[in-house]
Chemist: 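A single structure is presented below for examination.
A, B, ... follow the sequence lines: proteins, then strands. Residue 1 opens every chain.
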2 protein chains.
Amino acid sequence: MIALSFVNRHNFRYYRLALDFHDNYLKWLRILKITIEDVAREANVSAMTVSRALRNPEKVSTKTREKIEAVVERLGYVPDPAASALAAGRTNVIGVIVPSVTNNVFSDVMLGIYEQSEGSKWQIQLGNSRYSPLEEERLVRTFLSQKPAGLIISGLDQSETTAALLKAAKCRIVQIMECGSAPYDMMIGFSHLEASRAATHHLLEEGYRRPACISARLDPRSQRRLEGYRIACREAGIFDPRRIVTTPRPSTVTLGGELVADLLSKVPDTDAILCNNDDLALGAMFECQRRGIAIPETIGICGFNDLEMMAAANPSITSVRTHRMEMGRKSMQMMDDALSGKEPKVSNIDLGFEIMVRESTSRKKA
Amino acid sequence: MIALSFVNRHNFRYYRLALDFHDNYLKWLRILKITIEDVAREANVSAMTVSRALRNPEKVSTKTREKIEAVVERLGYVPDPAASALAAGRTNVIGVIVPSVTNNVFSDVMLGIYEQSEGSKWQIQLGNSRYSPLEEERLVRTFLSQKPAGLIISGLDQSETTAALLKAAKCRIVQIMECGSAPYDMMIGFSHLEASRAATHHLLEEGYRRPACISARLDPRSQRRLEGYRIACREAGIFDPRRIVTTPRPSTVTLGGELVADLLSKVPDTDAILCNNDDLALGAMFECQRRGIAIPETIGICGFNDLEMMAAANPSITSVRTHRMEMGRKSMQMMDDALSGKEPKVSNIDLGFEIMVRESTSRKKA
DNA sequence: CAGCGAAATGATAGCGCTATCATTTGTCAA
DNA sequence: TTGACAAATGATAGCGCTATCATTTCGCTG
């Protein structure tokens with residue numbers, strides 16, 4: 001069965017058996033490793049032709065390509081990405097930097113990115129900056145050292161150094177999550193300030209006159225949402241700083257309840273609560289229910305992001321829908337287009353938002 | 001200011017300015033790139049010494065090390081990981097393969113992994129298999145081609161090919177999420193079957209006689225939890241297959257409500273619901289509330305995983321606490337130990353679980 | 001069937017780093 | 001001071017692949 005054996009560049013004869021070999025010595029490993037040269041030798045072509053057949057099949061004749069593919073299959077050849085990256089001076093890596101992996105918002109965005117990248121040659125690599133600009137800087141450095149094809153990064157608020165690194169970077173960049181005027185390259189998101197302002201307007205329209213705002217984890221986007229609330233209140237001439245209750249602690253449902261408790265002890269006449277995210281909103285709702293406060297009659301509750309559970313809650317909770325999965329998908333699509341030479345027509349997209357009015361703020365009906 | 005300029009191997013003189021150069025041509029890029037040779041020349045040592053100073057500082061004299069560090073800093077040298085991987089035949093990458101990035105369970109595990117890896121030299125790389133064994137296989141291949149130092153993979157149910165690849169792999173492997181008898185290498189998790197069985201026992205102890213079970217996304221772990229429920233019911237002589245309602249759709253809070261609706265239309269006398277995860281449990285609770293069904297008096301509800309919101313809900317929801325972050329942390333620690341030569345004493349850890357009894361099943365008190 | 005341009009293939013020379021072993025320098029006891 | 005040994009450093013030779021350009025083969029026209 002000659003077809004089941006072959007001799008590699010070290011004059012080492014392989015049999016099917018070789019697959020089962022176990023050996024810890026580096027040298028042995030290397031001798032055993034199947035390289036592009038092995039494939040070339042078996043297929044009676046040059047290494048270069050094998051390389052082409054694998055990366056640009058259209059540059060190789062059909063006959064040759066099929067022959068090579070058969071050998072690749074038979075030997076189980078897998079290209080070494082390190083060697084490829086070194087020789088080509090670039091990779092198919094697209095780095096994605098998000099501030100949190102536990103926050104549903106970012107996992108939805110990631111889902112969109114993964115889905116859109118499916119079937120493409122791009123390899124997604126996730127970095128978690130844990131809301132730390134320093135960690136973000138470290139990640140950018142790490143990613144850039146890998147010569148990625150592209151970088152997807154969250155937000156507008158990079159450190160000065162990070163910004164300098166990104167501006168000088170030779171790869172394409174998509175900023176996600178927010179809208180702003182000076183993208184490094186491309187951008188897709190929405191205005192957190194406007195979204196929050198619109199949500200506050202909605203509360204006012206529903207007849208609430210003393211709306212409060214609770215917020216946790218004061219990252220830049222939270223801050224801008226808070227600012228949207230402030231602006232809307234000032235516009236209506238009802239701004240009262242006592243009605244803003246915040247904490248630097250990360251958001252949880254429990255925390256939502258605690259912030260409401262804090263809020264109501266300070267300003268008991270509050271008649272609506274704009275929650276900076278949906279976890280807080282859910283916690284706020286539970287806390288109100290525990291206190292026997294009627295929702296939406298006595299207090300209205302509005303969340304932010306419109307996670308799936310908002311519609312299922314009892315009462316269902318009004319929230320600001322943000323298009324997270326779409327943001328992920330489109331960011332990846334922009335990246336793919338840019339890297340494929342079809343420069344996207346619009347490189348700075350505002351996805352907007354949508355106020356999903358539900359029972360928790362529908363006082364009129366009642 | 002000679003100190004601010006230097007001449008690289010292409011006899012190209014750098015100034016601080018060079019950092020701002022923009023040029024799309026590969027050749028220019030390469031000429032501009034600072035390499036280990038550049039550092040060596042500036043520091044009057046060999047490239048090898050620079051390499052050592054950066055990777056094994058203790059193998060280089062203090063004086064030399066400091067000199068090199070200064071040059072590295074001044075030139076902004078960053079090693080090329082591709083070249084390093086190619087020359088060394090290995091990397092500091094630890095691949096992590098999880099079936100979902102949106103599921104809170106896995107994001108908690110990831111958080112633990114990230115936290116534990118902080119400050120170490122290991123570079124975490126996340127892969128998302130989307131509950132597909134084929135995608136998992138593709139990911140394993142991709143990771144292995146990168147010669148990772150280690151692989152962290154979820155569950156016991158790999159495809160045959162994947163299993164063969166993992167067994168033959170030269171890197172360390174930690175399996176997470178479950179307990180089993182034949183790890184590829186190391187393992188840490190808990191028994192989903194036992195956890196679910198214990199939860200069912202709890203319901204029976206609370207006096208519930210007609211407990212049902214709802215489940216979505218029938219992955220292997222869900223199936224084993226279902227099996228735990230079945231076993232417990234059979235042991236009590238009350239098993240009734242009509243009380244199991246499942247769907248292949250992924251879990252959501254809304255779906256929890258729908259499954260309960262379905263369940264109650266089929267077997268209205270159900271007096272407790274074991275939910276295969278906490279999202280379903282929350283949805284089940286909302287649906288019961290909407291129908292005016294008293295919890296825990298008429299129907300008891302128990303979740304699985306004990307996400308943070310379970311304790312905050314109203315009523316608070318009983319759930320099976322699983323030690324997800326600890327699992328992430330410990331898996332990474334085992335990996336680190338194994339790679340650092342301190343072979344862990346126990347290589348197959350059962351983290352157990354804990355029934356967190358709360359209002360939603362505390363009928364006795366009432 | 002010659003001759004031409006395009007398509008297909010090959011030869012060569014690195015990419016930037018590290019394993020290995022050789023050489024130099026330093027340290028300390030006798 | 002000398003010699004023996006360890007510590008520090010260096011020279012060399014790739015790792016496996018691809019960019020580049022040279023060469024060969026093919027398809028077609030006149």
Chemist: Ile68(A) CD1 to dA8(C) P: how many Å, rounded?
Modeler: 13 Å

Chemist: List the atom pairs, donor and acceptor, that lie under 3.5 Å between side-chain atoms in residues 66-73 of chain B and the rest of the protein, sequence neighbours left out.
Modeler:
unit_1: Lys67(B); atom_1: NZ; unit_2: Ala43(B); atom_2: O; d: 3.3

Chemist: Test of understanding: with side-chain hydrogen bond (donor to acceptor under 3.5 Å, both in side chains), list the residues that count as partners of Asp157(A), not counting sequence neighbours.
Modeler: Arg224(A)

Chemist: Starting at CD1 of Ile34(B) and ending at C1' of dG16(C), how long is that distance when rounded to a whole Å?
Modeler: 14 Å

Chemist: Considering only side-chain heavy atoms of Arg55(B), which listed nucleotide, dT18(C), dG16(C), dC17(D), is closest?
Modeler: dT18(C)

Chemist: Closer than 4.0 Å, any side-chain N/O of Arg41(B) to the OP1 or OP2 of dG10(D)?
Modeler: no

Chemist: Quick one about Glu136(B) and Thr162(B) (side-chain donor to acceptor, distance below 3.5 Å, no hydrogens or angles considered), yes or no?
Modeler: no

Chemist: Rounded to whole angstroms, how far apart are NZ on Lys63(A) and P on dA7(C)?
Modeler: 19 Å

Chemist: Could you state the CD-C1' distance from Glu37(B) to dC15(C), rounded to the nearest angstrom?
Modeler: 12 Å

Chemist: Between Gln175(A) and Gly155(A), is there a donor-acceptor pair closer than 3.5 Å when you use the side chain of the first and the backbone of the second?
Modeler: yes

Chemist: Is there a donor-acceptor contact under 3.5 Å from the side chain of Asn56(A) to the main chain of Lys59(A)?
Modeler: no

Chemist: Would you mind reading off the distance between Leu86(B) atom CG and dC15(D) atom P, rounded to a whole angstrom?
Modeler: 9 Å

Chemist: Over how many whole Å does the gap from Asp80(B) atom CG to dC15(C) atom C1' extend?
Modeler: 8 Å

Chemist: Between the opening five pairs and the closing five pairs of the helix from dC1(C)-dG30(D) to dA30(C)-dT1(D), how far apart are the helix axes, to 10°?
Modeler: 30°

Chemist: Nucleotides 5-9 of chain D: which of its N/O atoms have a protein N/O under 3.5 Å away?
Modeler:
unit_1: dT9(D); atom_1: OP1; unit_2: Ser61(B); atom_2: OG; d: 3.1
unit_1: dT9(D); atom_1: OP1; unit_2: Thr64(B); atom_2: OG1; d: 2.4
unit_1: dT9(D); atom_1: OP2; unit_2: Ser61(B); atom_2: N; d: 3.0

Chemist: So, is Ser51(B) near the phosphate of dT18(C), with a side-chain N or O under 4.0 Å from OP1 or OP2?
Modeler: yes

Chemist: Among all residues two or more places apart in sequence or in another chain, which pass the side chain to side chain contact (heavy atoms under 4.5 Å, CB included) test with Ser347(B)?
Modeler: Met186(B)

Chemist: Given atom CD1 of Ile36(B) and atom P of dT12(D), what is their separation to the nearest angstrom?
Modeler: 17 Å

Chemist: Examine dC17(D): is either OP1 or OP2 under 4.0 Å from a nitrogen or oxygen in the side chain of Arg90(A)? Give yes or no.
Modeler: no

Chemist: Rounded to the nearest 0.5 Å, how far does CG of Asn128(B) lie from CD1 of Ile113(A)?
Modeler: 11.5 Å

Chemist: Between dC17(D), dT20(C), dC17(C), which nucleotide gets closest to the side-chain atoms of Met48(B)?
Modeler: dT20(C)

Chemist: Do Thr49(A) and Ser46(A) have side-chain atoms, one donor and one acceptor, less than 3.5 Å apart?
Modeler: yes

Chemist: Test of understanding: with side-chain hydrogen bond (donor to acceptor under 3.5 Å, both in side chains), list the residues that count as partners of Asp185(B), not counting sequence neighbours.
Modeler: Arg172(B)

Chemist: How many Å lie between NZ on Lys147(B) and C1' on dT18(C), as a whole number?
Modeler: 12 Å

Chemist: From the list dT18(D), dC17(C), dT18(C), which nucleotide is the closest neighbour of the side chain of Ala87(A)?
Modeler: dT18(D)

